[in-house]
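Chain A is the first sequence line, chain B the second, and so forth, proteins listed ahead of strands; every chain is numbered from 1. Values below: all heavy atoms of this structure, side chains included; hydrogens, waters and symmetry mates excluded.
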There are 2 protein chains.
Amino acid sequence: MATMHDVARLAQVSVSTVSYVLTGTRPISQGTRARVLAAMAELDYQPNAMARGLASRRSRILGLLLPMDERGLGATETAFVTGAAAAASAVGYHLVLSPVGGGGDLDELRRLASQRMFDGVVLMEVQLADERVAALQEAGVPLVLIGRTGDASGLSYVDIDFEQTVREAVAHLVGLGHRRIVYVNHSAEALNSGYGPALRTRDAFVAAMTGHGLEPVMIPAEDSAAGGRAALAAALARTPDLTAMLAMNETAIFGILGELTARGRSVPDDVSVVSMVTSPQVAELATPALTAMTSPGSTMGRIAIEALVRHLDGSGDERHQQLLPCSLEIRGSTAAPPSRQPMGADQ
Amino acid sequence: MATMHDVARLAQVSVSTVSYVLTGTRPISQGTRARVLAAMAELDYQPNAMARGLASRRSRILGLLLPMDERGLGATETAFVTGAAAAASAVGYHLVLSPVGGGGDLDELRRLASQRMFDGVVLMEVQLADERVAALQEAGVPLVLIGRTGDASGLSYVDIDFEQTVREAVAHLVGLGHRRIVYVNHSAEALNSGYGPALRTRDAFVAAMTGHGLEPVMIPAEDSAAGGRAALAAALARTPDLTAMLAMNETAIFGILGELTARGRSVPDDVSVVSMVTSPQVAELATPALTAMTSPGSTMGRIAIEALVRHLDGSGDERHQQLLPCSLEIRGSTAAPPSRQPMGADQ
DNA sequence: CCGCTTCGTCGAAGCGCTTCGACGATCATT
DNA sequence: AATGATCGTCGAAGCGCTTCGACGAAGCGG
């Protein structure tokens with residue numbers, strides 16, 4: 001493995017000159033630069049990352065802190081990670097995935113942060129009250145959140161624009177002629193514990209429906225196929241003549257579809273279904289393929305990394321705050337509602 | 001940020017002594033060790049990862065090289081990654097995810113390897129002929145593969161035991177009384193291009209069926225819901241009275257299920273379905289939930305990391321080669337075949 | 001033509017840690 | 001009681017790089 005010394009010797013310059021060629025920190029004449037570059041090429045020189053990190057006090061490593069306690073990453077999170085990694089490598093950084101368990105690993109996190117291995121970190125799955133944020137800030141590590149804490153005023157974050165996303169989804173259904181739309185949210189516990197996306201979409205749904213002069217009917221659902229089936233039963237009990245459903249819950253929606261079919265209601269002829277914050281891969285699995293609000297996973301990853309790097313490279317701008325809407329992708333699960341009452345009843 | 005010097009001063013010992021306490025490289029007396037530990041605690045000392053890496057020539061960072069060109073990671077790959085990350089952090093290593101695009105990024109890979117940032121790497125999605133392997137070996141980076149190259153004799157790898165997995169799946173179906181079982185593999189292109197899992201399962205299916213005195217019927221399928229529907233059509237054309245299907249294709253299987261329902265064949269009453277190399281999360285999405293051969297994702301990740309670390313820490317054993325079977329998880333998609341011809345015909 | 005700034009380069013001093021050789025002290029052996 | 005071994009500790013020499021101050025050589029205005 002060639003070192004800078006070898007390059008310097010071959011190019012007949014000092015090591016510092018080689019370093020300046022590499023980093024561009026000081027002006028170097030054309031001739032010298034060319035000789036150094038040639039020497040590097042000849043020796044197949046690669047700077048040693050550790051030595052660089054030690055001397056410059058910048059590791060050029062970014063941490064992506066994600067809780068991996070549960071069942072791993074969904075497609076949305078995966079897209080986020082890949083987008084972030086690609087963005088990082090595009091600007092010459094490495095991205096380290098650190099599975100910091102959501103709960104007691106706070107000390108572990110502190111230790112990580114103090115090891116000076118990360119120039120900055122992206123924190124995923126942020127809760128409304130997230131103690132990891134404080135821990136990281138105390139350690140003085142530049143930080144970008146995915147999601148938002150309750151008071152995120154002083155922080156950088158990238159999050160989904162739930163208001164806009166819900167508004168668009170509702171507009172799509174209303175535009176098709178639907179009037180009785182039920183929203184299937186996350187579980188009641190998630191709502192009670194202050195899970196941001198659940199709360200924000202709830203409020204947005206009420207606002208959107210009210211704006212159209214419609215009644216906002218909402219049902220919570222456990223994150224499972226069974227939860228989806230139960231939610232559908234509850235929804236039909238409450239609004240027997242519903243013609244459309246909007247679901248926040250990537251897992252429950254498969255239960256909803258299954259139960260709908262089991263009850264002899266066809267999708268989308270009898271009931272239209274829109275899935276929120278969903279990846280195309282998952283949407284395509286369903287039969288029919290789901291019309292969905294596609295989450296901007298990889299874009300979010302890219303933006304988060306870019307904001308972080310901009311901060312690190314000192315382009316001054318503290319506090320990057322941005323909301324991204326999901327985009328409507330129409331597939332086979334939505335259509336106009338049945339022209340008149342599908343299963344008997346008045347009018 | 002406290003340094004080793006600060007600790008040494010406070011504990012009234014030399015820096016080297018502090019280092020020995022930290023690394024256990026040389027014996028240290030009880031009293032001294034205690035004083036040093038106390039000083040560390042008081043100063044909230046954390047060793048600087050870069051300095052350590054530079055001086056010891058070991059970064060304690062492991063690379064996980066995975067191609068991220070396509071649609072991101074499935075649940076199986078995710079489980080693998082989380083398992084690997086957990087195992088790495090358990091033995092004091094960090095895991096860096098590097099999205100090395102499958103194709104032209106070979107130079108990028110070489111560069112990465114030469115930067116001495118990784119003590120070792122795990123290579124995912126290995127092809128039968130994979131040039132990345134050679135590139136890494138030339139760079140002298142310890143290596144563990146997930147999957148196998150054509151000739152893996154000199155390499156360390158962890159892979160799924162496809163033979164055993166297929167055998168178990170077939171045994172399950174045969175045990176239920178099925179005789180006409182169709183195997184839905186990956187696409188014809190995948191087979192032609194020598195994709196290992198597709199070839200290995202194909203051969204294993206032939207062997208298993210023949211072993212039971214049954215005829216091995218096989219159909220390729222594109223990796224999509226549409227591909228699954230087409231495959232079902234082809235399967236029914238070829239074996240109209242099939243009673244069970246075994247599918248290797250996590251995506252196609254949803255198309256198969258949808259089409260089965262559309263054709264009025266109920267699962268599992270008319271047709272049993274087993275999904276191979278599938279994660280529980282995906283299996284649960286289907287209606288009914290899929291009986292599946294669950295891929296040992298996180299176990300594989302753990303084993304791969306442990307093998308790599310054992311190699312690095314010089315416990316001598318080169319070449320760890322291991323195959324892991326998927327485990328049968330019975331859910332709702334398999335049952336005994338219909339007692340006698342479900343749709344007319346002889347006997 | 002003189003003093004001044006700017007340019008291009010060098011040498012040396014670290015960055016915070018590991019590791020090697022050295023050395024007094026302790027301990028078991030003959 | 002003399003002789004090694006072994007134990008516990010220290011000082012110093014790097015690991016490969018960045019960065020600071022210095023300095024000769026140009027380039028400039030007056």
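In this structure, the nucleotide among D:dT18, C:dG8, C:dT19 sitting nearest to the side chain of A:Thr23 is D:dT18. Considering only the side chain of A:Ala55, D:dC17 comes nearest among D:dT9, D:dC17, C:dC17. Nearest nucleotide to the side chain of B:Arg52, out of C:dT18, C:dT19, D:dA22: C:dT18. Ranking C:dC10, D:dT9, D:dC17 by closeness to the A:Tyr20 side chain, first place goes to C:dC10. Listed nucleotides: D:dC17, C:dG11, C:dC20. Nearest to the side chain of A:Ser14: C:dG11. In this structure, of D:dT9, D:dG8, D:dT19, it is D:dT9 that holds the atom nearest to the side chain of B:Ile28. When distances run from any side-chain atom of A:Arg57 to the nucleotides D:dC7, D:dG11, C:dC15, the shortest one goes to C:dC15.
For the pair A:Ser19 and D:dT18, the criterion of a side-chain N or O lying under 4.0 Å from OP1 or OP2 is met. Contact between the side-chain N/O atoms of A:Tyr45 and the OP1/OP2 oxygens of D:dC17 is found at a separation under 4.0 Å. The side chain of B:Thr3 contributes no N or O atom lying less than 4.0 Å from OP1 or OP2 of C:dG16. Residue A:Ser56 places no side-chain N or O under 4.0 Å from the OP1 or OP2 atom of D:dT19.
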Verdict with supporting geometry, B:Ser14 and B:Thr17, side chain to side chain donor-acceptor pair (under 3.5 Å)
CA-CA 5 Å; B:Ser14 71; B:Thr17 300; 3.2 Å; yes

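C:dC17 atom P lies 17 Å from atom CG of A:Asn48, rounded to whole Å. One can place CD of B:Gln46 at 15 Å from P of C:dG16, the figure rounded to the nearest angstrom. A:Met117 places its CE atom 20 Å from the P atom of C:dC15, with the value rounded to the nearest Å. One can place CE of A:Met4 at 10 Å from P of D:dT19, the figure rounded to the nearest angstrom. Atom pair B:Arg116:CZ and D:dG16:P shows a separation of 11 Å (rounding to whole Å applied). A straight line from CE of B:Met50 to P of D:dT18 spans 13 Å, rounded to a whole angstrom. For the pair B:Arg58 CZ and C:dC17 C1', the interatomic distance rounds to 15 Å; values are reported in whole Å. When the C1' atom of D:dC15 is taken as reference, atom CD of B:Gln115 falls 17 Å away, rounded to whole Å.
By the 4.5 Å heavy-atom criterion applied to side chains, B:Leu323 and B:Arg148 are counted as neighbours. The closest side-chain heavy-atom distance from B:Phe80 to B:Leu66 is not below 4.5 Å.
Donor-acceptor pairing under 3.5 Å, judged by distance alone, is present between the side chain of B:Arg26 and the base of D:dT9. Scanning atom types as modelled, one donor and one acceptor separated by under 3.5 angstrom connect the side chain of B:Ser16 and the base of D:dG11.
Heavy-atom contacts from other residues, nucleotides or ligands closer than 6.0 Å to CD of B:Gln12 number 12 or fewer.
Distance CG/B:Leu123 to CG/B:Leu109: 7.5 Å, rounded to 0.5 Å. Interatomic distance, CG of A:Asp6 versus CE of A:Met1, reported as 10.5 Å (0.5 Å rounding).
Backbone-only engagement by A:Val13 is indicated by non-hydrogen atom pairs under 4.0 Å involving sugar-phosphate atoms exclusively. B:Leu54 comes within 4.0 angstrom of a nucleotide base, judged by non-hydrogen atoms across all strands.
Residues B:Thr25 and A:Ser29 both approach DNA chain C. Their nearest nucleotides, taken by heavy-atom distance, put A:Ser29 toward the 5′ side.
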